[in-house]
Every structure is written in C-alpha cells, then in structure tokens.
Amino acid sequence: LQYIATRKYQRALGKLQRLVIQRLFELHKLNLSQTGYRMRTYIAKNLQRRCRAIRNAVKQYNAAAKELNPPREPLDWSKVSHYAFLEEFTLLQDTQNQLHDKPWSKPAVRETMRIARRIARAQEEISNVSREARRLHTFICDEENMFVAVLGNLKKQNSILHGAVQDYVRHRRAANARNLAYVMRIYSLDGFQGEKSPGTRAGGFIHPALAHAASS
C-alpha cells in the first residue's frame with residue numbers, strides 16, 4: 001500500500017512539474033522582445049488554460065500527499081501561481097528524476113547562467129547600437145542633402161511653398177543636430193568598434209528634387 005501511495009504521489013507530482021515548467025517557459029517567451037503580437041496573444045490564451053490545468057493538478061497532488069505515511073503538507077495554489085523560476089518550486093526535489101542533483105539546481109550555477117546570458121545579450125546590444133548609430137548618421141546626412149536640394153529647387157521656381165518648407169526644415173535640422181550630437185557621443189565612447197562615419201544607403205537615396213537639381 002505504501003508503494004502504491006508513493007507511486008501515486010510521484011505521478012501527481014510529475015504531472016504538476018510538467019505543467020509548471022511549461023507555464024514558466026511560456027511566461028519567459030511572453031517577455032521576449034522578439035515575440036510578435038499574435039504569438040503573445042496565443043501564449044496568453046494558453047496560459048489561461050494552463051492555469052486551470054495546474055489548479056486541477058494541485059488538487060490531485062494534495063489528495064495523493066495525504067495518503068503518504070507520514071503525509072506531506074498540502075500545496076497552496078496561490079503560491080504555485082506566482083512561481084517565476086524553477087528553483088522556487090522546491091517540490092521538484094521529490095520527483096523521480098532527482099532534479100536536486102542536477103547542476104542547474106545549484107544557486108551558484110543558476111547565477112552563472114544568468115550572468116552569461118546577460119553578457120551575451122549585452123554584446124549583441126553593443127553591436128546593434130553601433131549599427132543603428134551609423135544608420136541614423138547616414139539618414140541625417142541624406143536628409144540634409146535632400147533639404148538643400150528641395151529648398152534650392154523651390155527657391156529657383158519662386159514657389160509659394162518655399163516658406164512653409166523652410167520652416168519645416170528648420171525644425172528638422174534642430175532635431176537632427178540634437179540626434180547627431182548623441183551619435184557623436186556614442187562614437188567617442190571607449191571601446192566603440194563601429195564605423196565613425198556615415199555610410200551609403202542601400203539602393204541609393206535619390207529624391208525627385210535631387211534628380212531635378214542634378215539635371216538642371
């Protein structure tokens with residue numbers, strides 16, 4: 001009888017373990033920046049169904065825990081629903097897989113894993129910032145060339161739009177000057193390994209006003 005009770009307890013705990021781990025992975029996926037809106041909606045609906053399944057699994061676990069000798073303490077659903085990482089689920093130590101012997105179950109190993117992931121993401125972010133800073137620098141230079149060509153063309157045609165466009169260009173140049181100052185500060189940072197000059201837009205950047213100015 002004790003073997004049957006223990007077996008029933010381990011099966012109930014194993015089911016609860018599977019559902020909680022799936023929920024934790026889905027919560028992690030939901031927080032990823034590259035997860036799209038449709039995927040987030042899909043995961044959110046799955047989490048709602050998962051919570052109902054976990055609630056039923058907790059009831060089965062508590063029923064099986066009472067039949068042990070000595071009986072185990074019942075599990076509170078409110079605590080399970082707020083688990084944010086696997087080490088908080090201490091009941092996994094009682095599963096057949098002996099998870100408490102796994103290397104990742106040790107706090108020092110988990111902290112090392114966290115730091116390694118943060119360092120890897122930081123290196124990726126540094127590369128992204130270097131690339132986006134040069135893209136912004138290139139856009140500002142291309143836009144300035146377009147402004148010069150458009151204003152020159154309107155002035156040459158004595159167009160009534162020259163004043164309105166010039167006012168718009170004044171605001172855009174102020175914003176670009178502020179952004180360009182930030183770009184230069186990034187270029188001056190120690191350890192910056194990107195290109196410190198504007199690039200060339202893929203496919204070129206030829207505004208109709210630029211083409212007209214070039215042909216005239």
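Listed here is the closest heavy atom pair of Tyr61 and Ala12: CA-CB, 3.9 Å. The shortest non-hydrogen separation linking Ser197 to His137 is C-ND1, 3.9 Å. Pairing each heavy atom of Arg172 with each of Phe139, the nearest pair is NH2-CE2, 3.8 Å.
Counting heavy-atom neighbours within 6.0 Å of Gln193 CD, excluding the residue itself, gives a total of 12 or less. Counted within 6.0 Å of CD1 on Ile160, heavy atoms from surrounding residues, nucleotides or ligands total 12 or fewer; the atom is thus considered open. Within 6.0 Å of OH on Tyr182 lie no more than 12 heavy atoms contributed by other residues, nucleotides or ligands. Other residues, nucleotides and ligands place more than 12 heavy atoms under 6.0 Å from the CG atom of Asn128. Within a 6.0 Å sphere centred on CZ of Arg11, other residues, nucleotides and ligands contribute 12 heavy atoms or fewer.
For the pair Arg134 (side chain) and Lys196 (backbone), a donor-acceptor distance under 3.5 Å is absent. Between the side chain of Asp167 and the main chain of Gly163, no donor-acceptor pair closer than 3.5 Å is present. With Thr138 contributing its side chain and Thr200 its backbone, the two residues share no donor-acceptor pair below 3.5 Å.
Lys66 contributes atom NZ, which lies 12.5 Å from atom CG of Leu68 (distance to the nearest 0.5 angstrom). From Glu132, atom CD reaches atom CD of Glu125 across 9.5 Å, with rounding to the nearest 0.5 Å. Between the CD atom in Gln157 and the CG atom in Asn153 there is a gap of 4.5 Å [rounded to 0.5 Å]. The CD1 atom of Ile140 sits 14.5 Å away from the CZ atom of Arg135 when rounded to the nearest 0.5 Å.
In the hydrophobic clustering of ILVMFWY residues, with side-chain heavy atoms under 4.5 Å counting as a link, Ile126 and Ile186 come out apart. In the hydrophobic cluster analysis, where Ile, Leu, Val, Met, Phe, Trp and Tyr join through side-chain heavy atoms closer than 4.5 angstrom, Leu180 is grouped together with Val129.
Under the 3.5 Å distance criterion, with hydrogens and angles disregarded, a donor-acceptor pair is assigned to the side chains of Glu143 and Asn176.
Under the 30°/60° scheme for interplanar angles, the aromatic rings of Phe147 and Tyr168 are found to stand perpendicular.
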